[in-house]
Amino acid sequence: MERLCLCKWNMSSKNWKSAVSELLREFSFKTTTENLLQTALETRELADPTVIHEDIAIPHCRSILVDDFKIIIGKSDKGIPWPKEKVNVIILFITPVKPSGPSEHMELIKHLAKALRSGGAEKVLSAGSPAEAASILKLKYEGNPGND
Amino acid sequence: MIRELEKLISLHDLDIMISDLVNKDIVKQEKKLGLSPDLAASQLRKLRDELSLTIDRTYRDLYDQLAGHYGNAVVPVINQMCSGCFTQLPTAFCASPDRNDRVETCPSCGRFIYWCD
């Protein structure tokens with residue numbers, strides 16, 4: 001099944017915390033939910049920054065606060081310190097906590113690992129549009145205002 | 001939402017993250033991506049302990065008991081139903097406008113419950 005994703009092109013954030021916040025805002029969560037997810041994602045990054053490949057970060061968590069997969073691809077041409085190395089592409093995802101356990105979360109990580117291998121990461125970094133980036137990651141771009 | 005309830009939700013999310021990072025299959029995939037799940041898990045345990053100490057002891061002890069018994073100690077209320085035990089909650093219980101401004105437990109299973117805003 002093709003998973004849906006949002007995109008945020010031309011991100012304006014200058015540090016990783018505000019980048020997480022900028023991306024979370026795109027989902028239009030209510031304030032408390034957004035704040036708690038921000039805390040969860042920040043905690044994960046503080047434990048060990050999720051920079052993979054050069055120039056790509058994948059902040060992620062599983063949370064009881066979402067009932068479906070939330071995936072967003074962010075892009076910044078100037079780069080965002082994460083917290084030391086600059087990244088140009090951010091793939092943020094939150095997966096729901098289900099009684100079936102973490103299998104779907106694992107499947108999504110596996111899916112991304114596969115898509116980013118064998119040149120996928122370079123292609124995402126040079127993608128010219130949200131739809132192209134989503135397609136490289138084998139995700140379906142939902143379309144969100146101001147990103148096409 | 002009352003701060004204590006927010007902390008319990010964060011503690012639950014942290015426990016989920018830690019359990020994921022010791023799951024063999026997830027560790028394998030994270031390593032393939034170039035991440036360091038072992039380091040992340042040990043750091044998250046430290047952060048979990050720090051957060052846990054800031055929670056009222058009564059709630060903290062209850063959280064640990066519930067997590068040990070059910071695996072999940074905090075659950076959302078969906079359609080007036082506890083999503084842990086699927087018991088319908090009394091209407092009066094759900095109708096309160098300040099329902100997330102106090103720490104509530106499910107009258108049936110005892111899990112901490114919160115309402116999605």
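So you know, we letter chains A, B, ... as the sequences are listed, proteins then strands, and number each from 1. Keep in mind that this is a model prediction, so the values were computed, not measured. Reckoned from all heavy atoms, side chains included, excluding hydrogens, waters and symmetry mates.
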d(B:His12 NE2, A:Leu65 CG) to nearest 0.5 Å is 10.0 Å
Side-chain heavy atoms of B:Leu21 within contact of A:Arg44, under 4.5 Å:
yes
Separation between CG (B:Leu47) and OG1 (A:Thr43), nearest 0.5 Å, reads 6.5 Å
Closest non-hydrogen contact found for A:His105 with B:Asp20 is CD2-OD2, 3.6 Å
In terms of heavy-atom contacts, B:Ala40 and A:Ala47 come closest through O-CB, 3.6 Å
Cut-off 4.5 Å, heavy atoms of chain A, and the answer for B:Ile26 is both
Residues B:Leu35 and A:Pro49: closest non-hydrogen pair is CD2-O, 4.2 Å
Smallest heavy-atom separation, B:Asp13 atom then A:Arg62 atom, equals OD1-O, 3.9 Å
**OP:** Would you indicate whether the side-chain heavy atoms of B:Glu6 and A:Leu36 approach each other to under 4.5 Å?
**Re:** yes
Side-chain touch B:Val74/A:Ile64, heavy atoms, less than 4.5 angstrom: yes
One should read off an interatomic distance between B:Gln43 CD and A:Asp48 CG, to the nearest 0.5 angstrom, of 8.0 Å
So OG1 of A:Thr33 and CD1 of B:Ile9: to nearest 0.5 Å the spacing works out to 8.0 Å
Problem - A:Asp67, CG atom: more than 12 neighbouring heavy atoms under 6.0 Å - result: no
Taking the side chain as everything from C-beta on, heavy atoms only, tell me whether B:Leu33 gets closer than 4.5 Å to A:Thr50. no
Between the CD atom in B:Gln29 and the CG atom in A:Leu108, the distance rounded to the nearest 0.5 Å is 10.5 Å
In this structure, NZ of B:Lys28 is separated from CE of A:Met106 (nearest 0.5 Å) by 8.5 Å
